[in-house]
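Here the structure comes first, spelled out in structure tokens, and everything after it is commentary.
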Amino acid sequence: GASYHIELGDRYLESAEDFSAERAFKEAIAAGADNSYVYRQLGIAYFQQGFSCEKAEASFKKAIDRDPNDAMSRLWLGYCLRDSARFDEAKEEFDKAFRISRGTMAAPLSEIAAIYRRQGRLDEAEKFLRAALGLDIDAQESSSLWCQLGWVYYDRRDYPRAKEALLSGLKVNPQDKGIIGALSIISAELDDPSGANEYHARLNLMWSRFYKPAVRSNYLRLKELTDKRGITLVCMQYPLRSVLPLKQIFADQQGVVFIENADIFREALNSGRYSDYFRDNFANDFGHCTDKGNRLLAENIAKTVLKVVLSQ
């Protein structure tokens, strides 16, 4: 019945199989499920597919129609509105989620703070983050909030306070990759290259153990498909991330070209500023590239591919 399909969909969501989750939740609805939970989960499946925000928004609204006091559905609707750059509407849903939870959920406050930071309203961002840190939350959520607060101070160019906030978060959760990545950047801004390199090396070690089974499976499937077509697979790592985890996925495979960007970006940052190469810090240890960063990236790709072509 419907409960079987809902349970199946939940398992698919947990393993990041979002299209399979979508099918399962639709089958649950076809089998008679008509509650806020099933529509919220369907919305999450759409949202996590990365290109179905309109469908996700419609599903979250159906969930809210069935239960206006479903704080989680309002939170997810807020995420959807945020990603559609409808920030005022997003803040409204985050605020409703917080109020419905009777002031127990930190995530809505964190999201409102992120919007204020994006808008350059740093005092308001700090206020909401401080309020969230005063709630009864677990170590992972606490460290994430400290990391956000560190970036607020970073935006003010108050690097000592930024580092202080990040270290507070690291004390709560020593395994927080976001904080360790942020500390590598803040250390560089404080003219501490050895500290920056130390945090960066620590982060790369942690990322080397990160890839989920579904990600590994997708990479190997991609290799299988390119091999069938006689195409050489080229795998490129993000700036400042080690290519080693990718190499480990293909440890028993031949004919894969790897592009390592960590070394060139680390060298560039040792002689320049973070803001020269990145215009934000969405991944904490790196962000979306500036024109200068994109040029550095493109030149490295061209050199690596050209070297492979000439060697054949």
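Sorted by first and then second residue, the pairs that involve residues 4-21 and meet side chain to side chain donor-acceptor pair (under 3.5 Å), not counting sequence neighbours, are H5-E27, E7-R11, D10-Y37, D10-Q41, S15-E17, D18-Q48, S20-R23. Among residue pairs with one or both ends in residues 254-269, none qualify as salt bridge (Lys or Arg N to Asp or Glu O under 4.0 Å); sequence neighbours excluded. For residues 155-185, the pairs satisfying ring-ring contact (aromatic ring centres under 6.0 Å, His included) are Y154-Y159, with sequence neighbours left out. Listed by first and then second residue, the ring-ring contact (aromatic ring centres under 6.0 Å, His included) pairs involving residues 288-312 are F282-H288 (not counting sequence neighbours).
Interatomic distance, E22 CD to L42 CG, rounded to the nearest 0.5 Å: 6.5 Å. Here the CG-OG distance, from L222 to S217, works out to 11.0 Å after rounding to the nearest 0.5 Å. Atoms CD1 and CZ, from I231 and R229 in turn, are 6.5 Å apart once rounded to the nearest 0.5 Å. To the nearest 0.5 Å, atom OG of residue S187 and atom CG of residue D192 are 5.0 Å apart. Note that the CG atom of N300 and the CG atom of N261 stand 5.0 Å from one another [nearest 0.5 Å].
Residues I29 and D34 have side chains not in contact (no heavy-atom distance under 4.5 Å, counting atoms from C-beta outward). Considering only heavy atoms from C-beta on, W151 stays 4.5 Å or farther from L122 through its side chain. Counting heavy atoms from C-beta outward, P108 and L75 have side chains that approach closer than 4.5 Å. Counting only heavy atoms from C-beta outward, the side chains of L203 and S184 never approach each other to under 4.5 Å. Under the 4.5 Å side-chain criterion, counting only non-hydrogen atoms from C-beta, L220 is in contact with I249. Looking at V308 and V234, their side chains never come closer than 4.5 Å, going by heavy atoms from C-beta outward. Using a 4.5 Å heavy-atom cutoff, the side chains of D276 and T290 are not in contact. V257 has its side chain out of reach of C235: every pair of non-hydrogen atoms, C-beta onward, lies at least 4.5 Å apart.
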Go through I259 and Q237 one step at a time and tell me if the side-chain contact (heavy atoms from CB on, under 4.5 Å) criterion holds. CA-CA 6 Å; I259 299 179; Q237 188 54 284; over 6 Å; no
Given F25 and S59, is the side-chain contact (heavy atoms from CB on, under 4.5 Å) satisfied, shown in steps? CA-CA 11 Å; F25 291 125; S59 290; over 6 Å; no
Worked check of side-chain contact (heavy atoms from CB on, under 4.5 Å) between F94 and R74: CA-CA 7 Å; F94 291 139; R74 290 195 180 276; over 6 Å; no
Could you walk me through whether N35 and R66 pass side-chain contact (heavy atoms from CB on, under 4.5 Å), step by step? CA-CA 6 Å; N35 53 57; R66 283 151 181 79; 5.6 Å; no
Using the rule given for ring-ring contact (aromatic ring centres under 6.0 Å, His included), can you reason through Y39 versus Y46, listing the C-alpha separation, both sets of side-chain angles and the distance that settles it, and then say yes or no? CA-CA 11 Å; Y39 280 105; Y46 282 135; over 10 Å; no
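Between C80 and C53, the shortest heavy-atom contact is SG-SG, 2.8 Å. R40 and F60 get closest at one heavy-atom pair: O-CE2, 3.3 Å. Of all non-hydrogen atoms in A125 and Y116, the two that sit nearest each other are N-CB, 3.9 Å. Looking at every heavy atom in both residues, A31 comes nearest to G1 through CB-C, 4.4 Å. What you find for L269 and R273 is that their closest heavy atoms are CD2-O, 3.8 Å. Closest of all the heavy-atom pairs between L297 and P239 is CD1-CG, 4.2 Å.
Scanning for salt bridge (Lys or Arg N to Asp or Glu O under 4.0 Å) contacts around E57 gives K61, R86, with sequence neighbours left out. R157 meets the salt bridge (Lys or Arg N to Asp or Glu O under 4.0 Å) test with no other residue; sequence neighbours excluded. Annotation: salt bridge (Lys or Arg N to Asp or Glu O under 4.0 Å) contacts of E92 (sequence neighbours excluded): K96. Under the side chain to side chain donor-acceptor pair (under 3.5 Å) criterion, Q148 pairs with S110, sequence neighbours left out. Not counting sequence neighbours, the partners of R82 by the side chain to side chain donor-acceptor pair (under 3.5 Å) test are E111. Checked against side chain to side chain donor-acceptor pair (under 3.5 Å), K223 has the following partners two or more places apart in sequence or in another chain: D227. With sequence neighbours left out, Y153 forms a side chain to side chain donor-acceptor pair (under 3.5 Å) with E126, R130, R161.
The environment of E54 atom CD is sparse: at most 12 non-hydrogen atoms of other residues, nucleotides or ligands sit within 6.0 angstrom. Summarising the local packing, NZ of K247 is surrounded by 12 or fewer heavy atoms from other residues, nucleotides or ligands at distances under 6.0 Å. Around the CD atom of E224, the shell of radius 6.0 Å holds more than 12 heavy atoms that belong to other residues, nucleotides or ligands. The environment of CZ in F258 is crowded: more than 12 heavy-atom neighbours from other residues, nucleotides or ligands sit within 6.0 Å. More than 12 heavy atoms of other shown residues, nucleotides or ligands fall within 6.0 angstrom of atom CG in D138. Residue R121 places its CZ atom among more than 12 non-hydrogen atoms of other residues, nucleotides or ligands, all under 6.0 Å distant.
One hydrophobic cluster, built from ILVMFWY side chains closer than 4.5 Å, holds both M206 and Y199. No path of Ile, Leu, Val, Met, Phe, Trp and Tyr side chains, each step under 4.5 Å between heavy atoms, connects I6 with L8, placing them in separate hydrophobic clusters. The hydrophobic cluster containing I186 does not contain W146, counting ILVMFWY residues as joined when their side-chain heavy atoms lie under 4.5 angstrom apart, directly or transitively. In this structure, V38 is not a member of the same hydrophobic cluster as F19, with clusters built from ILVMFWY side-chain heavy atoms closer than 4.5 Å. Under the 4.5 Å side-chain heavy-atom criterion for Ile, Leu, Val, Met, Phe, Trp and Tyr, L296 and I301 are members of the same hydrophobic cluster.
One finds no salt bridge joining E299 and K303 here, because no Lys/Arg side-chain nitrogen approaches an Asp/Glu carboxylate oxygen to under 4.0 Å. Contact check on R156 versus D123 returns a salt bridge, with a Lys/Arg side-chain nitrogen under 4.0 Å from an Asp/Glu carboxylate oxygen.
Aromatic ring centres of F286 and F265 lie farther apart than the 6.0 Å criterion allows.
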Which atom pairs, one a donor and one an acceptor, fall under 3.5 Å between side chains of residues 167-176 and the rest of the protein, sequence neighbours left out?
from	atom 1	to	atom 2	distance (Å)
S168	OG	E164	O	3.1
N173	OD1	Q175	N	3.3
N173	ND2	S143	OG	3.2
D176	OD1	G178	N	2.9
D176	OD1	I179	N	3.0
D176	OD2	S143	OG	2.6

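Classification of the W76-F47 ring pair by plane angle, with boundaries at 30° and 60°, yields perpendicular.
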